[in-house]
Enquirer: 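One structure, pasted below without further comment.
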Amino acid sequence: MKLNNSFYQRNDTIKMAKELIGKFLYTNFDGQLTGGMIVETEAYMGVTDSSCHTFNNRKTNRNATMYNQGGVIYMYVCYGIHDMLNIVTGNEGDSQVILIRAIEPLKGIEKMIERRGDVPLKRLAKGPGSLAKALGLKRIHDSISLLEEEIWIENKGFKFDSDSIIESPRVGLGCPEPYFSMPWRFFLKGNAYVSGKTKVVS
DNA sequence: TATGGGATTACCT
DNA sequence: GGTAATCCCATAC
């Protein structure tokens with residue numbers, strides 16, 4: 001079943017980032033259904049998190065969507081090239097979001113290959129830039145709802161015990177400690193579609 | 001108004 | 001492992 005506001009509008013973004021592992025993310029643009037199982041996420045914890053776009057209450061045209069109430073998406077462009085998909089969580093005025101970093105492709109694989117070019121299945125939606133491209137998501141989709149027909153997340157009842165969800169520091173940050181090392185990245189242990197290093201940091 | 005850098009990826013050696 | 005591609009926004013004049 002489709003996740004709704006009772007999931008997205010809670011105030012525990014770290015817990016939600018963990019819970020999104022094993023959920024199913026879909027997009028449906030122009031009648032083309034594409035998607036797969038979420039295997040890697042990162043939590044960005046809002047105005048106190050120095051790696052977060054809203055650190056120090058920063059508010060610009062780019063990041064305004066992060067302050068919306070949970071249940072919409074925040075899209076932003078990194079390095080001028082890559083579009084990134086974030087799930088907005090919590091209440092209006094909060095700015096915590098969850099970056100979706102990788103899915104295991106399941107639906108519309110042909111269409112995703114068409115969008116991505118000829119890459120191996122293992123790399124089709126591995127890493128946030130690749131994932132957004134495979135699903136047809138761009139900056140112009142910023143602020144669209146997860147409760148409508150273009151993008152949504154489903155719970156299919158898959159459960160993983162806590163040993164299977166690995167925590168690690170987030171990837172690619174340039175911010176100072178302590179946020180640099182906060183263990184706010186989560187991924188499914190041993191899954192071939194997780195990006196980057198999968199080494200366990202304890 | 002100008003400049004520097006980033007939640008990355010792909011392709012090179 | 002090194003680096004180019006390439007755009008929005010923060011910061012500095």
Side-chain angles (χ1 to χ4, degrees), chain A residues 13-14 16-18 20-21 25 34 36 38-68 70 72-90 94-105 112-144 151 153 166-188 192-199 201:
Chain A
T13 302
I14 289 171
M16 294 163 67
K18 261 188 245 188
L20 283 177
I21 304 290
L25 169 66
T34 52
I38 298 170
V39 296
E40 182 182 1
T41 61
E42 282 179 1
Y44 287 85
M45 296 303 289
V47 298
T48 59
D49 177 358
S50 63
S51 74
C52 187
H53 293 165
T54 59
F55 179 57
N56 247 347
N57 295 296
R58 195 178 296 145
K59 191 165 190 176
T60 65
N61 284 336
R62 175 222 219 185
N63 71 14
T65 300
M66 296 174 76
Y67 292 91
N68 288 6
V72 299
I73 64 172
Y74 167 54
M75 295 294 307
Y76 102 97
V77 182
C78 185
Y79 295 99
I81 309 169
H82 305 292
D83 298 277
M84 310 240 173
L85 169 64
N86 295 263
I87 307 302
V88 177
T89 69
D94 292 338
S95 60
Q96 295 92 337
V97 302
I98 298 166
L99 173 67
I100 309 297
R101 290 190 56 88
I103 62 171
E104 178 172 335
M112 292 195 278
I113 289 172
E114 181 188 320
R115 287 174 178 144
R116 284 270 290 130
D118 189 18
V119 298
L121 185 63
K122 290 253 174 85
R123 282 178 35 208
L124 195 53
K126 171 188 292 213
S130 303
L131 175 149
K133 195 169 180 191
L135 294 176
L137 289 162
K138 299 217 170 76
R139 167 72 187 168
I140 53 166
H141 298 115
D142 183 59
S143 85
I144 67 174
I151 178 169
I153 299 175
I166 309 296
E167 305 177 357
S168 86
R170 293 169 292 179
V171 176
L173 304 187
C175 71
E177 295 287 8
Y179 289 99
F180 181 82
S181 297
M182 286 293 186
W184 289 344
R185 172 177 176 242
F186 306 96
F187 60 89
L188 194 54
Y193 301 90
V194 173
S195 77
K197 289 181 234 148
T198 56
K199 194 175 151 204
V201 180

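Computed from a predicted model, the values in this text were never measured in an experiment.
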Enquirer: Could you write out each protein N or O paired with an N or O of nucleotides 11-13 of chain B at a distance under 3.5 Å?
Expert:
none

Enquirer: Could you pull out all residues at least two apart from Asp94(A) that satisfy side-chain contact (heavy atoms from CB on, under 4.5 Å)?
Expert: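 Only Asn11(A), Asn91(A), Gln96(A) meet the side-chain contact (heavy atoms from CB on, under 4.5 Å) criterion with Asp94(A).
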Enquirer: How would you list, by chain and number, every residue that makes a side-chain contact (heavy atoms from CB on, under 4.5 Å) with Cys78(A), sequence neighbours excluded?
Expert: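 Testing Cys78(A) for side-chain contact (heavy atoms from CB on, under 4.5 Å), a comparison that skips the adjacent residues, returns Tyr76(A), Met84(A).
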Enquirer: Using the salt bridge (Lys or Arg N to Asp or Glu O under 4.0 Å) rule, collect all pairs that involve residues 112-121 of chain A, keeping only residues at least two apart or in two chains.
Expert: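 Every salt bridge (Lys or Arg N to Asp or Glu O under 4.0 Å) pair that includes a residue of residues 112-121 of chain A, provided the two are not neighbours, is Lys111(A)-Glu114(A).
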Enquirer: For DNA chain B, what dot-bracket results from Watson-Crick or G-U pairs at under 3.5 Å, with [ ] for crossers and | for inter-strand partners?
Expert: ||||||.|||||.
Enquirer: By side-chain contact (heavy atoms from CB on, under 4.5 Å), which residues pair with Ile81(A), not counting sequence neighbours?
Expert: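 Checked Ile81(A) against side-chain contact (heavy atoms from CB on, under 4.5 Å); zero matches.
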Enquirer: Distance-only criterion, 3.5 Å: show the donor-acceptor pairs between side-chain atoms of residues 172-183 of chain A and protein atoms not counting sequence neighbours.
Expert:
| from | atom 1 | to | atom 2 | distance (Å) |
| --- | --- | --- | --- | --- |
| Glu177(A) | OE1 | Ser181(A) | N | 3.3 |
| Glu177(A) | OE1 | Ser181(A) | OG | 3.1 |
| Glu177(A) | OE2 | Ser181(A) | OG | 2.6 |
| Tyr179(A) | OH | Thr48(A) | O | 3.1 |

Enquirer: Just to be sure I understand the rule, does Arg62(A) reach a base, reach only the sugar-phosphate, or reach nothing, if contact means heavy atoms closer than 4.0 Å?
Expert: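 It contacts sugar-phosphate atoms only.
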Enquirer: With sequence neighbours excluded, tell me which residues meet side-chain contact (heavy atoms from CB on, under 4.5 Å) with Ala132(A).
Expert: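 Here the qualifying residues are Met75(A), Asp83(A), Leu137(A).
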Enquirer: Measure all distances between protein nitrogen or oxygen atoms and nitrogen or oxygen atoms of nucleotides 11-13 of chain C, and list the pairs falling under 3.5 Å.
Expert:
none

Enquirer: Enumerate the residues from residues 131-144 of chain A whose closest heavy atom to DNA chain B is under 4.0 Å, giving them by residue number; use none for an empty result.
Expert: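 Hits under 4.0 Å, by residue number: none.
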Enquirer: Output all residues satisfying salt bridge (Lys or Arg N to Asp or Glu O under 4.0 Å) with Lys133(A), sequence neighbours left out; order by chain, then residue number.
Expert: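 With neighbours one apart ignored, the set is empty.
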Enquirer: Give me each pair satisfying salt bridge (Lys or Arg N to Asp or Glu O under 4.0 Å) with a member in residues 95-104 of chain A, each pair once, sequence neighbours excluded.
Expert: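 Qualifying pairs, neighbours excluded: Glu40(A)-Arg101(A), Glu42(A)-Arg101(A).
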Enquirer: Applying the 5.5 Å / 30° rule, does Tyr44(A) stack onto the base of dA7(B)?
Expert: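 Yes, the aromatic ring of Tyr44(A) stacks with the base.
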Enquirer: Between the side chain of Lys126(A) and the main-chain N/O of Ala192(A), is any donor-acceptor distance below 3.5 Å?
Expert: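 Yes, because the side chain of Lys126(A) sits within donor-acceptor range (under 3.5 Å) of the backbone of Ala192(A).
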